[in-house]
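Just so it is clear: chains get the letters A, B, ... in the order the sequence lines come, proteins before strands, and each one is counted from 1. Quick caveat: nothing in here was measured; it's all calculated off a predicted structure.
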Amino acid sequence: MEVGPLIEFRRVNKFFGSNHVLRDIDLTIPTNQKLVIIGPSGSGKSTLIRCINQLERVSSGQVLVDGVDVTAPGARLAEVRQDIGMVFQLFNLYPHKTVLENVTLAPEKVRGVPPEQAAETARYYLKRVGMLHKVNAYPAQLSGGQQQRVAIARALAMKPRFMLFDEPTSALDPEMIGEVLDVMTGLAHEGMTMVVVTHEIGFARQVADRILFLDNGEIAEDGPPAQVLDSPTNERTKSFLSKVLH
Amino acid sequence: MKKRSWFAVLSLALVVALVFTVAAGCSKPSKQPTIDKIKKRGVLKVGVKADVLGFGFMNPATKQYEGLEVDIAKRIAKDLLGDSKKVEFTAVTGKTRMGVLDNGEIDMVIATFTITEDRKKLVDFSPVYHVDGIQFLVKKDSGITGLKDTDKKTIGVAKGSDTQDRLAEQAAKLNIKPQFASFETYPEILAALQSGRVQVFATDGSVLKYYESQDKNTVILPDKYSSEEYGVATKKGNDDLRDFVAKVINNMVSSGDLAALKRTWGLGK
Amino acid sequence: MFGLESWQTLLVDWRIFAQGLAQTVLASVLGLALALALGVVMGVLGVVPVRPLRWLNRFYVEFFQNTPLLTQVFFYYYGLPRLGLRLPVLAVGVMGLGIYTGAYIAEIIRAGILSVHRGQLEAAFSQGFRYEEAMRYIILPQAFRVIMPPLTNQFVNLIKNSSILSFIAGYDLMYHADVWSSYNLLYGVAYVTIAALYLCLTLPTATLARRLERRMQATWGGSVS
């Protein structure tokens, strides 16, 4: 196994107009880590995770993925992104494709996998997320939780080096959150490198081996769950946690 | 599906309704003598050309219509209403003259309208007031000297004129096949000639004179391909008006007034 | 004007109208192909993240939508020969119809693309699709559902607008009706006949498109985003 960081932020700054969203972020994420990012809304969590696959361009600084500077002008983003799975808050399934087609589309068109093989792979992952019985359904016919599980299968079918989850349960009805978190937990146990932005503190405690608390664009707290969740040093972290944990 | 077929039926019904309204409007001859109507109105409405120098021409300097046909209209107004100024002119083209006459917008057409057997079935004509003939306007460097040189060439004619039929008959006798392209207005035919879309601008010689004067690179060829007899057209059924106009024209011929007017407009023999 | 005799005269000359119909269909079909190609390309240029290309889209749409079709066609017919390009009249007609309608289609496509949820493009990017692949496989197919109804209108408009060929001696249905009737003065029967023939072209076009639209609606189920 190759050593060295999988994802690296070097003095990353991001502005939206005059709004300073990320401030001098330095961050190293090694392979196999399960990193959970928490923090109040507007703290820059989503922006940070979206900088990894460059859905958000940085204003200054560098982001390296597997040693490749994805912020460099002329970076081959399409190639880099093939190896990064991403799951969105609003699922973003392709509504004009069936569940199966949602999962096979990118492997076929981006990776050039033969259709039969892509379908086989798709069925494997759909089975893992418990959605094999809906292969011919369209996204609009599924519940939110089901859509999100298909979205996870869609990301996995590209066989990514690591997975990004951007508030994957925030748009779900409470009774559906569990089914999605279960899939994610299973994935973590298999050793997948994961970066997760979430408000689910219970999930963070159970699955993460490192938690970042982001506040006002800065990393206010960084450590194992026990440290960040149970004995935070930062005042803002304490007040945030007291609110989410009641 | 039901809604769609209903719509189709409705569309069809509309077309049929259209046919019958227009048909009804066309075929009903007015009972009231036309002359009385014109007198009551106090003004004679005449369709003339606006772009035929010497016949019906809107003088850009004076903003007035002028020409032989305009003068004939004024004469009819004088005899009918006692004042040659009581005329209202409407510019018509070969294509529009029939429509505006038919819908009653104008009382008569005096617009280089050639008398033909077909047209006699649809409108009434006065006696002939002028005889003209189809001629060719070509580019000087075209090498075309007459109809015989027009095989596979394109001849530009005006919509609503009988030029195409006249020329096609004669071309068939020469065993050649010119193409024809019809345009809305004369300036468009000139533009088509200049841009090489057509090689010949064919219409009555009287019309061509103006366009020859507009482009130094063009010339009117001497050959005439028809005898176009111009008459004043009135709507069928308006017998009183038709007879009145015929009387005016005959008077103008016998008194020598018509010949004098033609000399004025440079149309003398 | 609508007597039996008039209709008989028209029937005797049916070949003239058949020729016109053929030319109108040909000009419409070719014009449609050009309009669609131009419309899709120019419409996509209206949303690409490259400013000069978006300017090109704006120029194209604004110029060709806001000048009369007849002026454009007159330019191709009378103007281009003076610049040394004398296209056949059918090509002039197809070009005129295609470029003009393309401007409307471009705007419809652009609006259709913008109506697709932004997350769709992000999902596609996150999977490694390039911009043009994302457009082709994910954005445009979704945009087309929104685009279909106004697109149908443009198809029908194009067929009707093909009658401008009559102004440049284009030998289409309108031209032949004009020439035939303005000589024998039977314009009543002529125009009613071609109105019916135009309906025969436009109604099935609209119906077919609507059926296609319904089928798309049925298969995808609920809403786009």
Toward chain C, the part of A/Leu164 with a non-hydrogen atom under 4.5 Å: neither

Tell me, side chain or backbone of C/Glu133 under 4.5 Å from chain A's heavy atoms, or both, or neither? side chain

Which of parallel (below 30°), tilted (30 to 60°) and perpendicular (above 60°) describes C/His176 and C/Tyr171? tilted

In terms of heavy-atom proximity below 4.5 Å to chain C, should A/Gln89 be classed as side chain, backbone, both, or neither? neither

Among A/Met86, A/Gln82, A/Met158, the residue with the most heavy-atom pairs under 4.5 Å to chain C is A/Gln82

Looking only at side chains, do A/Gln148 and A/Thr169 share a donor and an acceptor under 3.5 Å apart? no

Would a 4.5 Å heavy-atom cut-off, applied to side chains only, mark C/Leu38 and C/Ile99 as touching? yes

So for A/Ile84, is it side chain, backbone, both, or neither that comes closer than 4.5 Å to the heavy atoms of chain C? backbone

Looking only at side chains, do A/Asp166 and A/Ser46 share a donor and an acceptor under 3.5 Å apart? yes

Given heavy-atom pairs under 4.5 angstrom as the criterion, report whether the side chain, backbone, both or neither of A/Arg50 touches chain C. side chain

Heavy-atom contact with chain C under 4.5 Å, split by part of A/Phe88: side chain

Side-chain donor-acceptor pair under 3.5 Å between C/Gln65 and C/Glu107, yes or no? no

Got A/Leu22 and A/Cys51 here, is their nearest side-chain heavy-atom distance under 4.5 Å? yes

